[in-house]
There are 2 protein chains.
Amino acid sequence: MTTKRVTSIDVARHAGVSQSTVSRTFTPGAGVSEAARRKVVEAASELGYTPNAIARSLSKQHTDIVGIVMGRITSPFHPYVLEKFINELQNVGKQALLFSTPPDSEIDELLELVLQYQVDALIVASATISSDMAEACARNGTPVVLFNRYVLGANVNAVCTDNVEAGRLVANELIDAGHQKLALIEGKANTSTAVDRKKGYFDRLQERGHVDVVADGGDHTYEAGFEAALRLLDRDDPPDAIFCSSDNAALGAMDAARYQLGIKIPAELSVVGFDDIPAAAWPSYSLTTIRTPVNRMVEATLDLLLDRLEKPSMSPEFLLLPGELIRRHSARLAGVQEINTSPSPLLTKPQHGA
Amino acid sequence: MTTKRVTSIDVARHAGVSQSTVSRTFTPGAGVSEAARRKVVEAASELGYTPNAIARSLSKQHTDIVGIVMGRITSPFHPYVLEKFINELQNVGKQALLFSTPPDSEIDELLELVLQYQVDALIVASATISSDMAEACARNGTPVVLFNRYVLGANVNAVCTDNVEAGRLVANELIDAGHQKLALIEGKANTSTAVDRKKGYFDRLQERGHVDVVADGGDHTYEAGFEAALRLLDRDDPPDAIFCSSDNAALGAMDAARYQLGIKIPAELSVVGFDDIPAAAWPSYSLTTIRTPVNRMVEATLDLLLDRLEKPSMSPEFLLLPGELIRRHSARLAGVQEINTSPSPLLTKPQHGA
DNA sequence: TTGAAAGCGATACCAT
DNA sequence: ATGGTATCGCTTTCAA
């Protein structure tokens with residue numbers, strides 16, 4: 001029952017031309033007479049012919065597909081990032097082969113698989129690649145760019161938010177607002193994002209004389225934030241301000257404080273998040289947070305990638321983009337500050353078409 | 001500077017065996033002596049050889065990649081679904097080539113591209129495929145299964161939530177709770193999901209004597225829900241119950257009612273959503289909603305797909321899975337009902353490993 | 001412009 | 001078990 005696939009040879013026969021001519025007809029810049037082209041096109045549609053991209057890839061030595069490895073697609077703004085990557089890639093005629101890394105699994109063996117599929121380039125988002133693997137990619141000429149993660153010492157392209165600086169921003173804001181007992185609800189200890197945010201926050205706090213800052217948490221989820229807040233707020237010396245290393249955790253912390261403990265925000269407690277997901281702007285939360293420059297990050301990543309696709313010899317770059325403090329109503333203000341009412345950039349409809 | 005790709009021939013030469021033997025070494029069930037295998041493996045690692053999946057695909061006549069076309073990756077539970085698809089696929093040794101359809105764009109031309117890449121099978125999630133294209137796929141033996149969408153009359157595999165029945169469920173619940181002025185905040189008129197939910201709701205309402213039900217909205221987003229609620233509640237005869245065709249819209253509606261209009265939920269207004277996204281269970285909302293059986297849908301989709309990958313002749317199936325009404329605190333209860341406290345299924349960590 | 005033929009990097013059948 | 005070779009479907013010289 002399975003009809004045999006129709007190939008360019010079939011079309012050639014049917015159109016009374018050579019197979020080469022058929023190939024040329026489907027190659028944008030090639031030289032084919034109008035007459036021949038017409039015959040081929042007709043024969044093709046009669047037979048229901050579609051060029052075989054796999055065969056073409058083998059012959060042309062490139063696939064036009066870029067691999068995307070993403071740790072947890074469901075994480076805060078990842079779907080948005082992914083969609084944007086895909087759309088932009090499609091716009092320049094490239095396909096995306098998507099891989100998701102099981103949390104805490106070895107990404108290197110996965111990469112080997114990705115490379116087998118001869119991807120022209122690789123985007124690794126929120127997952128880390130070993131320097132060995134990075135070199136392996138470099139060796140066979142596959143450009144790699146890390147998104148939202150970097151690897152120290154390795155010569156790999158990477159674009160990140162400046163998490164350390166953002167952490168310092170939050171520390172300043174909270175101290176300036178007069179808070180005394182600062183706390184942190186942190187993320188996973190093995191992710192550079194969480195570690196850097198914590199570092200910036202703690203460092204700056206210490207510089208300004210706040211030494212004993214308590215931390216809890218361990219995951220960038222709503223639930224983790226909820227539980228951590230409960231524990232933090234149940235202490236003998238509960239904090240009057242909590243910096244949550246992610247918006248999700250911040251929302252959980254707010255709900256825990258309000259609905260479980262009856263604490264008023266920001267009158268009795270300030271909460272600051274990180275990411276600026278859409279829900280942060282909702283009136284139920286109105287969360288003060290750090291806005292991650294997602295759009296610029298995605299664009300920078302794509303630029304880096306596309307550049308190196310054309311000119312593989314370009315040397316690696318490391319882009320560190322600043323986060324922006326968005327003041328809303330979940331944290332006490334320091335002096336006269338404006339409330340920021342701009343919507344989350346994640347709401348911007350992704351552009352389609354050129 | 002670009003090192004030439006190393007092929008099985010290079011390895012063969014280096015190991016002093018034939019190219020066939022190299023190939024066999026990398027083919028799971030093939031017969032190679034321990035001695036030969038050892039030599040090959042060593043040579044391969046010395047040279048940094050990786051099998052070329054593209055060449056293999058051409059020769060084996062299948063790619064082990066399945067295409068996934070998804071309309072809006074950022075829609076409510078799509079990231080979760082996508083992640084699950086990817087993981088399960090990876091577990092059975094298949095790769096995913098991902099495409100996102102620009103909203104309201106012609107999906108058929110995109111499909112042509114997908115097919116060019118010789119995908120072994122195709123998942124179309126929340127996007128519609130023309131019967132023509134469905135037939136084209138059938139002709140060249142590419143199994144297709146639609147996720148969360150169906151096409152009437154066409155012989156295509158599909159798995160959906162029973163949106164009509166779910167709509168009726170909501171109608172009953174609201175009427176039973178004694179509501180008089182019912183309203184609907186609907187989704188896009190050209191999506192079967194939105195249309196079916198509306199149909200079930202309206203039909204059942206009418207059957208029970210509620211004829212003039214007002215509808216507003218037009219998109220399954222928070223913002224659309226917010227705006228629609230504002231308009232609905234501003235009428236001379238404002239509704240005392242609103243069914244929102246999606247959770248996102250419901251959250252927007254709740255925020256609009258509470259924070260813009262000062263309306264008490266559920267005392268003065270009942271709100272019911274659809275999807276049961278994680279935020280629906282958060283105490284800030286505690287949204288009564290219809291839980292979409294996502295997990296079973298994903299599993300069913302994969303089952304259908306994998307079955308047909310093995311046995312292409314299997315006839316198409318259409319699975320309609322029931323939604324479940326999850327009672328929380330955003331809607332008045334009909335008589336003595338239990339509040340459902342089970343967490344959103346979307347929180348379940350996706351399984352990795354077999 | 002067009003056709004013939006040599007790859008591209010594997011798989012698989014056929015002898016040995 | 002191993003090697004030789006045709007084959008997968010296309011791109012791309014090279015001549016004509």
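Chain identifiers are assigned alphabetically (A, B, ...) following the order of the sequence lines, protein sequences preceding nucleic acid strands; residue numbering begins at 1 within each chain. This is a predicted model, so every value here is computed, not measured.
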- Task: Compute whether any side-chain donor of one residue and acceptor of the other, for B:R72 and B:S100, lie under 3.5 angstrom apart.
- Result: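 No, no side-chain donor-acceptor pair sits under 3.5 Å.
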
With a non-hydrogen cut-off below 4.0 angstrom, is [X] in contact with a base, only sugar-phosphate, or nothing?
X	value
B:S23	base
A:V32	sugar-phosphate
B:S20	base
B:S33	sugar-phosphate

- Task: Take B:V17 and A:Q19, find for each the nucleotide of DNA chain D with the closest heavy atom, and name the residue whose nucleotide sits nearer the 5' end.
- Result: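 So the residue in question is B:V17.
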
- Query: 5'-most contact on DNA chain D: A:T27 or B:E34, nearest heavy atom basis?
  - Reply: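 Nearest-nucleotide comparison on DNA chain D picks B:E34.
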
Whole angstrom is fine here: how far is it from [atom1] in [X] over to [atom2] in [N]?
X	N	atom1	atom2	answer
A:I9	C:dA5	CD1	P	13 Å
B:Q118	D:dC10	CD	C1'	11 Å
A:K39	C:dT1	NZ	P	15 Å
A:F26	C:dT2	CZ	P	15 Å
B:R24	C:dG9	CZ	C1'	16 Å
B:D64	C:dA10	CG	C1'	14 Å
A:H62	C:dC8	NE2	C1'	13 Å

- Between B:Q116 and A:N52, is there a donor-acceptor pair closer than 3.5 Å when you use the side chain of the first and the backbone of the second?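 No, B:Q116 side chain to A:N52 backbone: no donor-acceptor pair under 3.5 Å.
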
- Task: Apply side chain to side chain contact (heavy atoms under 4.5 Å, CB included) to A:Y49 and A:V40, showing your working.
- Result: CA-CA 10 Å; A:Y49 168 76; A:V40 170; over 6 Å; no

- Query: Going by heavy atoms in the side chains, are A:S131 and A:V151 under 4.5 Å from each other?
  - Reply: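 Yes, close enough: below the 4.5 Å cut-off.
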
Donor-acceptor contacts, no H, no angles, side chain residues 15-28 of chain B, under 3.5 Å, sequence neighbours left out:
| residue | atom | partner | partner atom | Å |
| --- | --- | --- | --- | --- |
| B:S18 | OG | B:S20 | N | 3.3 |
| B:S18 | OG | B:T21 | N | 3.2 |
| B:S18 | OG | B:T21 | OG1 | 3.2 |
| B:Q19 | NE2 | B:S8 | OG | 2.9 |
| B:T25 | OG1 | B:T21 | O | 2.7 |
| B:T27 | OG1 | B:S23 | O | 2.9 |

- Return the orientation label for the B:Y150 and B:F318 ring planes: parallel under 30°, perpendicular over 60°, tilted otherwise.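 B:Y150 vs B:F318 ring planes: tilted.
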
- Residues of residues 49-61 of chain A with any non-hydrogen atom less than 4.0 angstrom from an atom of DNA chain C: list those, numerically ordered, please.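 Close to the strand are A:L58, A:S59, A:Q61.
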
- Query: Counting side-chain heavy atoms from CB outward, which of D:dT11, C:dG3, C:dT1 is closest to A:T21?
  - Reply: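 It is C:dG3.
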
- What closest approach, in Å, do A:I73 and B:E83 show between heavy atoms, and which atom pair accounts for it?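 So the two residues come closest at N-OE1, 2.5 Å.
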
